[in-house]
Each structure stands twice: as C-alpha cells, then as structure tokens.
Amino acid sequence: MTQQYQNILAPVDGSKATAQVIDKAIQVALQNNTHLDILNVVEVNQFSDSYGGAVSGDVIYGLVEEIESRLNDLKKKATDAGLTDVSIHVRFGNPKPVIAREFPADHNNELIVIGTTGLSAVERFMVGSVTSYVNRTAKSDVLVVKIK
C-alpha cells in the first residue's frame, strides 16, 4: 500500500534549488491529489547582522512583497500543472525549527519536500544544513530532492 499524503510542504529559499523542489512537490501533490503549502522562511537575524539592526518597516514590507510575488509565481506554476489547492506562506524566524516542526504542526503537513541545500560548503559548515536538521528532527516524512 502506498502512503497517501493530505498536506505537503515545500519550503523554498529562492536559491537555484527552488525550481527542482517545486517540480518534485507538484509531482507528488498531483499523485496524491492533495494540498500543497509553499513556504519561505525569512531569517530575521540576517537583517540585524547586515544592517546594524536598523531596518525600517518599509524595508521588511518591501522584502515580503517581493517574496510573495515570487511565491505567487510558484503557485501559478503549481496550478498550471493541475493542482487546485495551493497556499503560499511567508514566516519570520529560524528556518530549521519553523520547517521541521512549527509550520507542519500548524498546517498538518505529512510530507516535507526539501532540497539538499541552497548553501555553499562554507555556509553549511558555519550554519549547518537546514535540510539535515529537518531530516533528523521532523515528525513528518521528509523527501530530499537531490539538486543537480
């Protein structure tokens, strides 16, 4: 018997991995005739490090608008492929716990479709791979898409 997923989560970060993650998430969602959540987690501490802590609401609002625009493009790709139940989300926080536990708990996601990495080897060493963290700690199934 094959697993039927009711809610699939595809976290994306705008890296080159995004297109392959979305393609795989759409494919699995179509096979399961299910809901797809597309999530971008904005890491708040990247602002305080980059801008000396002085980030106006306008800057954050502009960034969120830009992210939502890109997420809407991904949603259109999913609906054009035949999905009828797709939602986009922007969350602020640390991507690791948000993707692994917090968002799936709020949205009952049974499968997380995530790319191997959007980071360089040095960045992975410094911050640790979000994917490996999610793979180790998520309560739901995790499908790791190998990025080519």
Side-chain angles (χ1 to χ4, degrees), residues 5 7-32 34-53 55-83 85-148:
Y5 297 107
N7 290 302
I8 297 173
L9 170 59
V12 296
D13 61 3
S15 71
K16 66 177 199 247
T18 295
Q20 291 173 64
V21 168
I22 287 298
D23 289 346
K24 180 60 78 174
I26 290 169
Q27 177 189 349
V28 175
L30 283 168
Q31 289 168 347
N32 287 269
T34 193
H35 176 78
L36 175 62
D37 286 308
I38 303 171
L39 169 68
N40 184 284
V41 181
V42 179
E43 199 163 0
V44 180
N45 63 6
Q46 75 190 37
F47 297 118
S48 56
D49 294 346
S50 305
Y51 299 101
V55 178
S56 73
D58 289 345
V59 170
I60 292 175
Y61 180 79
L63 176 73
V64 170
E65 271 196 327
E66 184 181 318
I67 291 169
E68 285 179 341
S69 172
R70 280 192 253 132
L71 291 177
N72 274 314
D73 290 344
L74 297 175
K75 179 179 180 176
K76 182 178 182 333
K77 182 177 187 176
T79 56
D80 287 351
L83 289 178
D85 192 4
V86 182
S87 301
I88 61 167
H89 309 270
V90 178
R91 284 263 181 113
F92 290 90
N94 180 332
K96 290 177 180 181
V98 170
I99 294 167
R101 293 188 303 277
E102 295 166 17
F103 189 92
D106 293 346
H107 294 268
N108 300 313
N109 301 108
E110 300 131 341
L111 177 67
I112 301 170
V113 179
I114 192 168
T116 43
T117 182
L119 302 174
S120 71
V122 172
E123 289 169 318
R124 264 194 316 279
F125 176 74
M126 298 298 282
V127 299
S129 169
V130 172
T131 301
S132 62
Y133 179 88
V134 169
N135 204 21
R136 279 193 321 271
T137 63
K139 286 185 169 62
S140 58
D141 290 347
V142 178
L143 173 61
V144 178
V145 179
K146 298 285 186 195
I147 304 305
K148 298 170 180 74

Passes side chain to side chain contact (heavy atoms under 4.5 Å, CB included), F92 versus I60? Steps please. CA-CA 11 Å; F92 290 90; I60 292 175; 3.8 Å; yes

Taking the side chain as C-beta and beyond, is there a heavy-atom pair between L74 and I88 under 4.5 Å? no

Mind checking the CD1-CG spacing from I8 to N32? Nearest 0.5 Å is all I need. 5.0 Å

Nearest-0.5 Å distance that lies between atom CZ in R70 and atom CD1 in I38: 13.5 Å

Contacts of D73 that satisfy salt bridge (Lys or Arg N to Asp or Glu O under 4.0 Å) - sequence neighbours left out: none

In terms of heavy-atom contacts, P97 and Y133 come closest through N-CE2, 3.9 Å

Spatial distance of atom CD1 (I147) from atom CD1 (I114) [nearest 0.5 Å]: 10.0 Å

Tell me the closest heavy-atom pair linking L9 and P11, and the distance in Å. O-CD, 3.5 Å

In short, L39 meets R91 closest at the heavy-atom pair CD1-CG, 3.7 Å

Pairwise distance CG(L63) to CD(E68) - rounded to 0.5 angstrom: 10.0 Å

So which atom in I112 and which in P104 form the shortest heavy-atom distance, rounded to 0.1 Å? CD1-CG, 4.0 Å

If you look at every heavy atom in A81 and I26, which pair is closest and at what distance? CB-CG2, 3.6 Å

Might you point out which heavy atoms bring T34 and Y5 nearest each other, and give the distance in Å? OG1-O, 3.0 Å

Checking L111 against S140 for the side chain to side chain contact (heavy atoms under 4.5 Å, CB included) test, could you report, in this order, the C-alpha distance in whole Å, the side-chain angles of both residues, the deciding distance, and whether it holds? CA-CA 6 Å; L111 177 67; S140 58; over 6 Å; no

Just by modelled atom types, is the V12 backbone N or O under 3.5 Å from a matching donor or acceptor in the T18 side chain? no

Return yes if some donor-acceptor pair links the side-chain N/O of E110 with the main-chain N/O of N7 below 3.5 Å, else return no. yes

Between CG of N40 and NE2 of H89, what distance do you get to the nearest 0.5 Å? 12.0 Å

Would a line drawn from the ring center of H107 to the ring center of H35 be shorter than 6.0 Å? no

For the side chain of T79 and the backbone of K75, is there at least one donor-acceptor N/O pair under 3.5 Å apart? yes

Gap between atom NZ of K24 and atom NZ of K146 - 0.5 Å precision: 12.5 Å

Just by modelled atom types, is the T131 backbone N or O under 3.5 Å from a matching donor or acceptor in the N135 side chain? no

